[in-house]
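What follows is a single structure, written as structure tokens, with notes after it.
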Amino acid sequence: MQTRVNKIAAALQDKAVDALLVLQLENRFYLSGFTGDAGALLVTAGQSYIITDFRYIEQAREQSPHLEIIKIDTTLEDALANLTGRLNLHVLGFEADYISFKFYDTLRDKLGEVILRPVEGMVEQLRLIKDKDELVAIVKAMSLLDEGFQHICGFIKPGVSERTVALELEMFMRLRGAEKTAFPFIVASGARAALPHGEASVKAIGQGEAITLDFGVVVDNYHSDMTRTVSLGAPSAKIREIYGIVLKAQLAGLAAVKAGVPASAVDKAARDVITSYGYGEYFGHSTGHGVGLAVHEGPGLSSRDATVLREGMVVTVEPGVYLPGIGGVRIEDSVVVEQYGCRLLTSSPKNRLIEL
Ligand code: ZN
Ligand code: ZN
């Protein structure tokens with residue numbers, strides 16, 4: 001973590017700031033290891049600091065031995081004013097995307113002569129490429145999804161509610177080491193599967209319905225994410241048709257992932273397949289996203305994201321087709337970007353629509 005802090009410290013000059021105030025939780029954790037609910041990280045060209053209140057002092061010392069810990073006596077704004085004064089900082093960078101207007105206003109009052117300068121994406125840029133330790137946690141979190149999927153396929157029966165399925169899936173994976181869910185699970189059956197983000201409801205799953213299961217868990221602070229669409233008994237011809245198309249699109253997307261390729265090219269590879277079958281308008285979201293300390297992070301695999309994929313990025317590939325009133329299909333895997341392709345982190349069966 002010292003290396004990560006050093007990288008930010010070395011980049012301060014380029015951003016024309018003397019220090020960076022990091023408040024965003026994942027960014028703060030990435031650089032500090034500190035998991036407390038309250039506090040800020042201040043990175044300077046020399047020493048860096050965790051500023052937190054008395055509840056978290058011991059925890060911060062344990063989790064962030066590479067940082068100096070400063071206790072807040074009154075407010076965070078006051079503590080920052082003291083520290084910037086003591087260190088003689090003139091320009092303080094802050095994360096423009098994550099600061100409230102009220103905090104900014106108070107801080108500006110307290111800081112006097114210090115200039116506050118918005119900075120974007122400094123820590124997020126570093127987070128794009130996962131190191132070995134991060135990949136270990138991500139692989140663990142992803143492999144629980146494969147175990148969970150196998151288990152839940154044997155659990156789904158006619159009449160069981162979507163929520164019961166979500167709960168069973170969560171319990172199964174948590175008993176095997178998941179700290180928590182990465183997001184509220186999507187269990188969307190029948191016509192509800194036309195909702196790309198149909199959170200599990202009280203609806204009972206019926207015979208002949210397709211079910212979209214989109215789920216993820218957290219292990220050692222890292223997330224996982226996978227989607228499979230299955231059918232309880234024989235599906236309709238329409239669902240079978242769009243399953244084949246979405247699968248083809250997903251395989252095309254996966255085949256496009258490799259270092260050096262722009263993120264938008266992966267989106268195009270998957271989208272072109274769906275468009276060629278006339279379902280382009282029913283695929284209304286981007287093809288994928290990065291996964292790490294957050295379940296949705298950079299890069300976005302969308303037509304608008306020109307980020308060039310690099311080795312060590314972890315991204316999802318998840319095209320879908322959603323037909324209002326009928327249902328939907330999405331297939332999602334997460335992969336690590338490699339020099340000549342990618343490595344699948346989720347490997348549950350998908351090559352034909354599973355009939356439970
Ligand atoms: Zn997902
Ligand atoms: Zn996803």
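Reckoned from all heavy atoms, side chains included, excluding hydrogens, waters and symmetry mates. Whatever order the structure lists them in is the order used to number ligands and atoms, beginning at 1.
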**Request:** With the Zn ion (ligand 2) as the reference point, give the N/O/S atom of D225 that is nearest.
**Result:** OD2
**Asked** Is a side-chain N or O of R228 found less than 3.5 angstrom from the main chain of P349, in a donor-acceptor match?
**Response** yes
**Item:** Sidechain-backbone polar pair: E162 side chain, S189 backbone, donor-acceptor under 3.5 Å
**Value:** yes
**Prompt:** With the Zn ion (ligand 1) as the point of reference, which N/O/S atom of E332 is the closest?
**Reply:** OE1
**Item:** N/O/S from E318 sitting under 2.8 Å away from the Zn ion (ligand 1)
**Value:** no
**Asked** Donor-acceptor pair, E318 side chain versus E332 backbone, under 3.5 Å?
**Response** no
**Asked** Can you name the N/O/S atom of D214 that is nearest the Zn ion (ligand 1)?
**Response** OD1
**Salt-bridge criterion met for D131 and R4 (N-O under 4.0 Å)** = yes
**Prompt:** Are R304 and D267 ion-paired here, with the side-chain N under 4.0 Å from a carboxylate O?
**Reply:** no
**Prompt:** Hey, which N, O or S atom on H289 ends up closest to the Zn ion (ligand 2)?
**Reply:** NE2
